[in-house]
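Just follow the structure's listing: the first ligand is 1, and inside any ligand the first atom is 1. Residue numbers run from 1 in the order of the sequence given. These numbers come from the heavy atoms of this one structure, side chains and all, not from hydrogens, waters or symmetry mates.
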Amino acid sequence: MTDEMRIPDSIERVLLDEETIAARVRELAARISADYAGAEDLVLVGVLKGAFVFLADLARRLTVPHHVDFIALSSYSRGAISAGAVRLIMDSRISITGRHVLVVEDIVDTGDTLDYLLRTFRARQPASLRACVLLSKPERRKVKVEIDYLGFEIPDKWVVGYGLDYADRFRTLPYIGMLKREVYG
Ligand code: PRP
């Protein structure tokens with residue numbers, strides 16, 4: 001399949017292609033593997049749904065033993081009733097108390113979701129708690145959050161692919177593309 005065939009009409013342009021993403025994921029995995037060398041009980045917690053692709057690629061590049069778990073959160077920060085409110089929809093299944101926890105997120109936008117998650121997890125007394133995030137939009141930040149491992153800073157545009165969606169579409173595009181303005185209006 002050619003690249004042209006895989007780029008839907010809704011995509012303005014490719015922001016990060018497959019090779020660029022893969023190279024960065026390899027770098028992040030190498031750093032994380034070095035930092036956690038010798039650490040027992042590392043748990044990666046992916047934030048559904050967006051992080052599932054990033055977590056799958058990152059985890060398979062790690063050279064340290066680890067467990068994989070997921071959490072699902074819902075944020076109201078896009079529009080609506082209570083801006084900034086985050087709700088826990090599905091909790092992690094592994095107990096994180098006393099374990100080294102690495103939260104894996106696809107994107108930090110306002111920071112509300114990661115802030116909520118880190119506060120919630122900190123209260124459970126993990127041995128350590130860090131965040132690995134593929135994309136960050138610094139222009140959109142409302143809450144200051146610490147990102148220990150960051151893939152890319154990107155401009156304030158709607159991006160899809162590699163796990164990220166618009167109305168639950170485009171998640172499985174292999175690259176990260178900017179959506180055309182008229183699509184999200
Ligand atoms: C996205 C993303 C983060 C959150 C970041 O999730 O995966 O969890 O938004 O935004 P914030 O920094 O403004 O809180 P989304 O709510 O789109 O759900 P999804 O992962 O299921 O697509």
Close-contact set for ligand 1 against L48 heavy atoms, below 4.0 Å:
20 (O), 21 (O)

Counting both backbone and side chain atoms, is some N or O of G111 under 3.5 Å from an N or O of ligand 1?
yes

Give a yes/no on ligand 1: does R171 have at least one heavy atom closer than 4.0 angstrom to it?
yes

Quick check: are there more than 12 heavy atoms from other residues, nucleotides or ligands sitting under 6.0 Å from CZ of R130?
yes

Nitrogen or oxygen of L114 less than 3.5 angstrom from that of ligand 1
no

Counting each atom of ligand 1 from 1 as listed, which ones have a heavy atom of I107 under 4.0 Å away?
2 (C), 3 (C), 5 (C)

Under 4.0 Å from ligand 1, counting heavy atoms only, is it the side chain of E105, its backbone, both or neither?
side chain

Does L58 reach the side chain of I32, with side-chain heavy atoms less than 4.5 Å apart?
yes

Interatomic spacing from CD1 in I89 to NZ in K49 - rounded to 0.5 Å
9.5 Å

Counting only heavy atoms closer than 4.0 Å, does ligand 1 sit against the backbone of T113, its side chain, both, or neither?
both

Does R171 qualify as a cation-pi partner of F52, given the criterion of NZ or CZ under 6.0 Å from the six-membered ring centre and within 45 degrees of its axis?
no

On a heavy-atom basis, I'd like to know which of I89, D165, L117, T110 is closest to atom 11 (P) of ligand 1.
T110

Where does the angle between the aromatic ring planes of Y36 and H100 fall among parallel (under 30°), tilted (30 to 60°) and perpendicular (over 60°)?
perpendicular

Got a second to check how far D106's CG is from L55's CG, nearest 0.5 Å?
11.0 Å

